[in-house]
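The block underneath contains the structure these notes are about, expressed in structure tokens.
The residues of the chain are indexed from 1 along the displayed sequence. Only this structure's heavy atoms are used, side chains among them; waters, hydrogens and symmetry mates stay out.
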Amino acid sequence: TYRDHAEEFVASDIPSRRLRKGKTSGTTGSALPLWYTPETLAEEYATVWRLRRASGVALNDPHLTFGGRIVAPLSQRRPPFWRTNYWGHQVLFSLYHMTRENLPAYVDAIHALPARYVQGYPSSLHLVGRAMLEAGRPLPRGRLAAIFTSSESLLAFQRDVIERAFGAPVRDRYGTSELAVSMTACRENRLHVDMEFCVVEVEPEEETDEWVRGPLLATGLGNDATPFLRYRIGDVGTRSKRPCPCGRPGDVFLDVDGRIEDYVV
């Protein structure tokens, strides 16, 4: 319904000059067009930085990013396969050059570059983390404050490799391009709904006294340009019926099953 009538969902009381246009990734089908305001993006970044600050990270701390941007020409054959964003104190690594031949250069760079934290896709961090362990070159524990993952489902074996390789805890986050939902992990590795930003319901398919599991319905409270109400987002989650041991109040999820990436070698 939304795909066929997307522009009809845009709020009529927001001037067009204030609208920003985006789209979903299209991983599970055709990309959906989206509209949002700068304030919506600021609200989402506020949830991100609440997570980071709780992990001991400050705004201007140097960090490494393993995301989907093309930061080096695809034709490049020799390192460096990364670029520096000096304003943001950030080094961005190319995911498209992470071959077995090139990974030793990535490991050298991770050890040489100053960083307080690392962020990126679980699949990419797992790949470079495995290369670090195979080379016998994990980072010393405590050098990094945390590893922040997002954009894909974080699998248990990926968490194990990433934490051993980088010597820091993984803090996962669940968000969407639609800016309709945000969940951030605590020290118990549970996902807390950022309830100022969204409401997340579960359509029950399985249920016990401890938890309820099923498709997620997201209602975004931050996006006033294209608001989604009880939006079936396509992911499945398990919501706990008990308070989280970490002490943070509000709704908490034990897991969310979203995108899972495969490799073709």
Side-chain angles (χ1 to χ4, degrees), residues 22 24-25 27-28 34 36 40-59 61 63-69 88 90 92-93 95 115-126 129 144-156 158-163 166 168-200 202 216 218-223 228 231 233-240 244 246 248-261:
T24 62
S25 63
T27 303
T28 55
L34 304 165
Y36 56 90
T40 299
L41 202 58
E43 285 196 41
E44 184 183 56
Y45 271 96
T47 69
V48 171
W49 275 101
R50 176 163 57 188
L51 167 65
R52 292 179 181 177
R53 287 175 68 88
S55 302
V57 169
L59 186 62
D61 282 346
H63 58 286
L64 314 179
T65 296
F66 291 78
R69 297 180 183 89
Q90 174 191 40
L92 300 101
F93 286 81
L95 309 189
R116 178 65 177 153
Y117 67 95
V118 176
Q119 62 178 6
Y121 297 167
S123 57
S124 304
L125 292 171
H126 170 257
L144 299 175
I147 314 297
F148 300 107
T149 55
S150 62
S151 302
E152 301 169 351
S153 292
L154 173 66
L155 306 178
Q158 292 173 330
R159 178 191 293 276
D160 176 65
V161 167
I162 294 168
E163 291 188 336
F166 288 93
V170 170
R171 295 287 181 260
D172 195 27
R173 178 178 179 272
Y174 171 64
T176 65
S177 303
E178 293 93 335
L179 299 173
V181 61
S182 176
M183 301 185 198
T184 45
C186 66
R187 64 176 181 270
E188 301 291 333
N189 295 328
R190 299 186 179 190
L191 290 166
H192 290 259
V193 179
D194 292 306
M195 298 183 72
E196 309 94 331
F197 192 78
C198 62
V199 176
V200 183
V202 175
L216 302 182
T219 295
L221 305 177
N223 191 351
F228 289 92
Y231 174 51
I233 208 156
D235 295 334
V236 173
T238 305
R239 181 171 60 82
S240 175
C244 184
C246 80
R248 178 177 169 181
D251 291 346
V252 60
F253 279 73
L254 304 178
D255 61 67
V256 173
D257 293 334
R259 288 165 32 183
I260 296 177
E261 299 295 338

Any residue meeting ring-ring contact (aromatic ring centres under 6.0 Å, His included) with Tyr36, in chain and number order, not counting sequence neighbours: none

Heavy-atom closest contact (Ser182 atom, Thr47 atom, distance): OG-OG1, 3.1 Å

Point-to-point distance, once rounded to the nearest 0.5 Å, from CD1 of Ile147 to CZ of Phe66: 9.0 Å

Exercise: do Thr238 and Asp255 side chains pair donor with acceptor under 3.5 Å: yes

Residues forming a side chain to side chain donor-acceptor pair (under 3.5 Å) with Tyr174, sequence neighbours excluded: Asp235

Close side-chain approach of Thr184 to Arg50, heavy-atom, < 4.5 Å: no

Heavy-atom pair of closest approach, residues Ser124 and Leu95: OG-CD1, 3.3 Å

Least distance between heavy atoms, Thr40 atom then Gly222 atom: OG1-O, 2.9 Å

Results of side-chain contact (heavy atoms from CB on, under 4.5 Å) for Gln90 - residues two or more places apart only: His63, Thr65, Asn85, Leu92, Gln119

Side-chain donor/acceptor of Glu188 to backbone N/O of Cys244, under 3.5 Å: no

Close side-chain approach of Gln158 and Thr149, heavy atoms under 4.5 Å: no

Counterpart residues, salt bridge (Lys or Arg N to Asp or Glu O under 4.0 Å), relative to Asp61 (two or more places apart): none

Distance in Å, Phe197 CZ paired with Leu221 CG, rounded so as to fall on 0.5 Å steps: 8.5 Å

Sequence-distant partners of Arg190, salt bridge (Lys or Arg N to Asp or Glu O under 4.0 Å), two or more places apart: none

Any side-chain heavy-atom pair of Leu216 and Val236 under 4.5 Å: no

Any donor-acceptor pair under 3.5 Å from Arg187 side chain to Cys246 backbone: yes

For Arg248 against Val193, the heavy-atom pair lying closest together: NH2-O, 3.8 Å

Straight-line distance of Thr176 OG1 to Ile233 CD1, nearest 0.5 Å: 4.0 Å

Asn189 side chain reached by Asp172 side chain, heavy atoms, under 4.5 Å: no

Check: Ser55 and Phe148 side chains under 4.5 Å, non-hydrogen atoms: yes

Shortest non-hydrogen contact from Val202 toward Gly237: CG1-O, 4.3 Å

Flag side-chain contact, heavy atom, 4.5 Å: Val57 against Arg171: no

Expected output: side-chain Arg159 to main-chain Leu154 donor-acceptor under 3.5 Å: no

Salt bridge Glu44-Arg173, side-chain N to carboxylate O under 4.0 Å: yes

Partners meeting side chain to side chain donor-acceptor pair (under 3.5 Å) with Arg239 (sequence neighbours left out): none

Validation row: Asp251, Met195 side chains within 4.5 angstrom (heavy atoms): yes

Over all atoms of both residues, closest heavy-atom pair of Leu254 and Ser240: CD2-CB, 3.9 Å

Min side-chain heavy-atom separation Leu34-Leu179 under 4.5 Å: no

